[in-house]
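Encoded as structure tokens, the structure appears first; notes follow it.
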Amino acid sequence: MSIPKTQTAVVFEKHNGPLLVKRDHPVVQQKDLKPGEALVRVAYSGVCHTDLHALKGDWPAAPKLPLVGGHEGAGHIVAIADNTTTNLKVGDAVGIKWLADSCLNCEVCREGQEATCAQARTSGYSDDGSFQQYAVSFTRHLTPIPDGLDLAQAAPILCAGVTVWKAIKQSNTKPGDFILIAGAGGGLGHLAVQYAAAMSLRVIAVDTGADKKSLTAQYGAETFIDFKEPGDFIAKVKAASGGLGPHAAVMASSGGAAYAQALEYLRPHGTLVAVGLPPDTFINANVFWTVFKALRIVGSYVGNRQDAIEALDFAARGKVKAEIQLEDLANLEDVYRRMENYQISGRIVLKC
């Protein structure tokens, strides 16, 4: 398979940009791949709020510079390094996820929690990611994409989908329980609504705007609460969940305000699942009521390799479908502008 010497990639060399669309960015050749690496021709890449955080450099751990961002890449393997042991082969459709690699030997990796491995490497953060046409990744963490699943649809599942699927698995809920999704009309949230509905959970969608209300209803939300409308928000949540409050709340919002009242509206034995990562945000838990109501606070990072396969399976079976807007890779700067202004419903997917 012919591999070009150069490609189009979006690069930034310092935090807050500028974003440089480089049409002569070098492509790593097969002979230069290290054992365990593969070269993927990226067809599509979703855009995640984490990518914007990487550009801004506003997380406690800074990304490498210069950086090609992106970690929702879907494409095909075009080369595999010599001396690599893998079941994958050239031509396979695969996904590049946030977790690019881990040791697979430490305690957390052995327990299936490889995202928290001390040696974890991350796409579009510690390593160049999928905002380019040809990306190097690691065969043991590339995820096979099921036959028949459109690559543009697969891309958002590789981060947004697997992240909320994992969060729901950690929410301590069962079919028929109430689950609140904060940020329900966003890139993470609209998928969370669908996974929850597919598991027969009763979804309370929280967001703002008529478009978000319509979107979440389409995907199975039982109730929509607009957090900008006047009235007692906690009372509205409890009224929508049998008077006691939801059994769980998944914080899929990138805004810190979503966390402010979450512990006040959960029912006894309820679970708060922290997913969204707004900077400089704290969960204020009243110790007495947290103990007295037996509440659980769970941090849910990203899913493991099996979670990713499960998340894609929902999509392949038509149970989950990302609401996507296709745009060109060169439009990334404008996508970030709209993302900052909360002007995006669903997920932006870039054509690479």
Side-chain angles (χ1 to χ4, degrees), residues 3-30 32-34 36-59 61-81 94-102 120-139 141-143 151-152 154-156 158-160 187 277 302 326-340 347-352:
I3 299 172
K5 301 292 186 183
T6 60
Q7 61 169 323
T8 298
V10 180
V11 185
F12 62 89
E13 298 174 348
K14 61 181 181 179
H15 294 308
N16 293 306
L19 289 175
L20 306 174
V21 180
K22 294 191 173 183
R23 304 192 185 278
D24 58 352
H25 195 69
V27 176
V28 176
Q29 300 298 297
Q30 192 279 336
D32 299 316
L33 293 172
K34 299 172 184 175
E37 293 181 340
L39 183 67
V40 178
R41 172 60 173 99
V42 181
Y44 298 97
S45 181
V47 184
C48 177
H49 224 98
T50 297
D51 301 315
L52 182 57
H53 286 299
L55 174 63
K56 289 178 168 295
D58 60 3
W59 277 0
K64 83 174 190 73
L65 293 172
L67 179 70
V68 176
H71 57 272
E72 292 183 347
H76 293 89
I77 295 175
V78 294
I80 296 175
V94 294
I96 296 171
K97 308 184 301 298
W98 168 251
L99 183 62
D101 198 22
S102 68
R121 298 171 67 169
T122 50
S123 304
Y125 212 85
S126 69
D127 292 52
D128 284 337
S130 54
F131 293 155
Q132 57 183 330
Q133 293 175 314
Y134 290 86
V136 175
S137 198
F138 301 87
T139 56
H141 279 281
L142 286 170
T143 300
L151 293 183
L158 296 165
C159 176
L277 292 171
V302 293
L326 287 176
E327 301 203 18
D328 290 331
L329 179 61
N331 289 357
L332 182 58
E333 187 167 18
D334 185 63
V335 171
Y336 282 156
R337 178 190 60 77
R338 283 175 278 150
M339 185 177 283
E340 280 196 284
R347 205 70 160 179
I348 299 292
V349 174
L350 303 176
K351 297 178 286 185
C352 300

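As the structure is a computational prediction, the values presented were derived from the model and not from experiment.
With hydrogens and angles disregarded, a donor-acceptor distance shorter than 3.5 Å links the side chain of Thr139 to the backbone of Gly36. Looking only at distances, a side-chain donor or acceptor of Gln7 sits under 3.5 Å from a matching main-chain atom of Tyr134. Formation of a donor-acceptor pair under 3.5 Å by the Tyr125 side chain with backbone atoms of Ala61 is found in this model. Although no hydrogens or angles enter the test, the distance criterion places a donor-acceptor pair under 3.5 Å between the side chain of Gln133 and the main chain of Thr8. In this structure a side-chain-to-backbone donor-acceptor pair under 3.5 Å is missing from Asp51 to Gly69. One N or O on the side chain of Ser123 and one on the backbone of Lys97 form a donor-acceptor pair closer than 3.5 Å.
For the pair Cys352 and Leu329, the tightest heavy-atom approach, listed with the atom from each and the gap, is SG-CD1, 4.3 Å. Here the shortest heavy-atom pairing between Glu72 and Ala155 reads CB-O, 3.2 Å. Across every non-hydrogen atom of Gly75 and Leu151, the tightest pair is CA-CD1, 4.1 Å. For the pair Ala120 and Leu99, the tightest heavy-atom approach, listed with the atom from each and the gap, is CB-CD1, 3.7 Å. Taking both residues in full, the closest heavy atoms of Ser137 and Ala100 are given as OG-O, 4.5 Å, listed atom of the first, atom of the second, then distance. Contact detail for Val349 and Pro156: the closest heavy-atom pair is CG2-CG, 3.7 Å.
Between the CD1 atom in Ile80 and the CG atom in Leu33 there is a gap of 9.5 Å [rounded to 0.5 Å]. Once rounded to the nearest 0.5 Å, the distance linking NE2 of His49 with CG of Leu277 reads 10.5 Å.
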Steps toward side chain to side chain contact (heavy atoms under 4.5 Å, CB included) verdict (His71, Leu158)
CA-CA 8 Å; His71 57 272; Leu158 296 165; over 6 Å; no
Worked verdict on Asp128 versus Leu67 for side chain to side chain contact (heavy atoms under 4.5 Å, CB included)
CA-CA 6 Å; Asp128 284 337; Leu67 179 70; 3.8 Å; yes
Between Ile96 and Leu142, is a side chain to side chain contact (heavy atoms under 4.5 Å, CB included) present by the stated rule, with each step listed?
CA-CA 6 Å; Ile96 296 171; Leu142 286 170; 3.7 Å; yes
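With a 4.5 Å cut-off on side-chain heavy atoms, His141 and Arg121 do not count as touching. By the 4.5 Å heavy-atom criterion applied to side chains, Gln30 and Leu39 are not counted as neighbours. Side-chain contact check for Val40 versus Val78: every heavy-atom pair is 4.5 Å or farther apart. The side-chain heavy atoms of Val335 and Glu327, taken from C-beta on, include a pair separated by under 4.5 Å.
The number of heavy-atom neighbours closer than 6.0 Å to NZ of Lys64, taken from other residues, nucleotides and ligands shown, is above 12.
Between Tyr336 and Phe131, the ring planes lie perpendicular to each other; the angle is over 60°, past the 30° to 60° tilted range.
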Which donor-acceptor pairs under 3.5 Å do side chains of residues 13-28 form with protein atoms, sequence neighbours excluded?
{"from": "Glu13", "atom 1": "OE2", "to": "Lys22", "atom 2": "NZ", "distance (Å)": "3.4"}
{"from": "His15", "atom 1": "ND1", "to": "Ala54", "atom 2": "O", "distance (Å)": "3.4"}

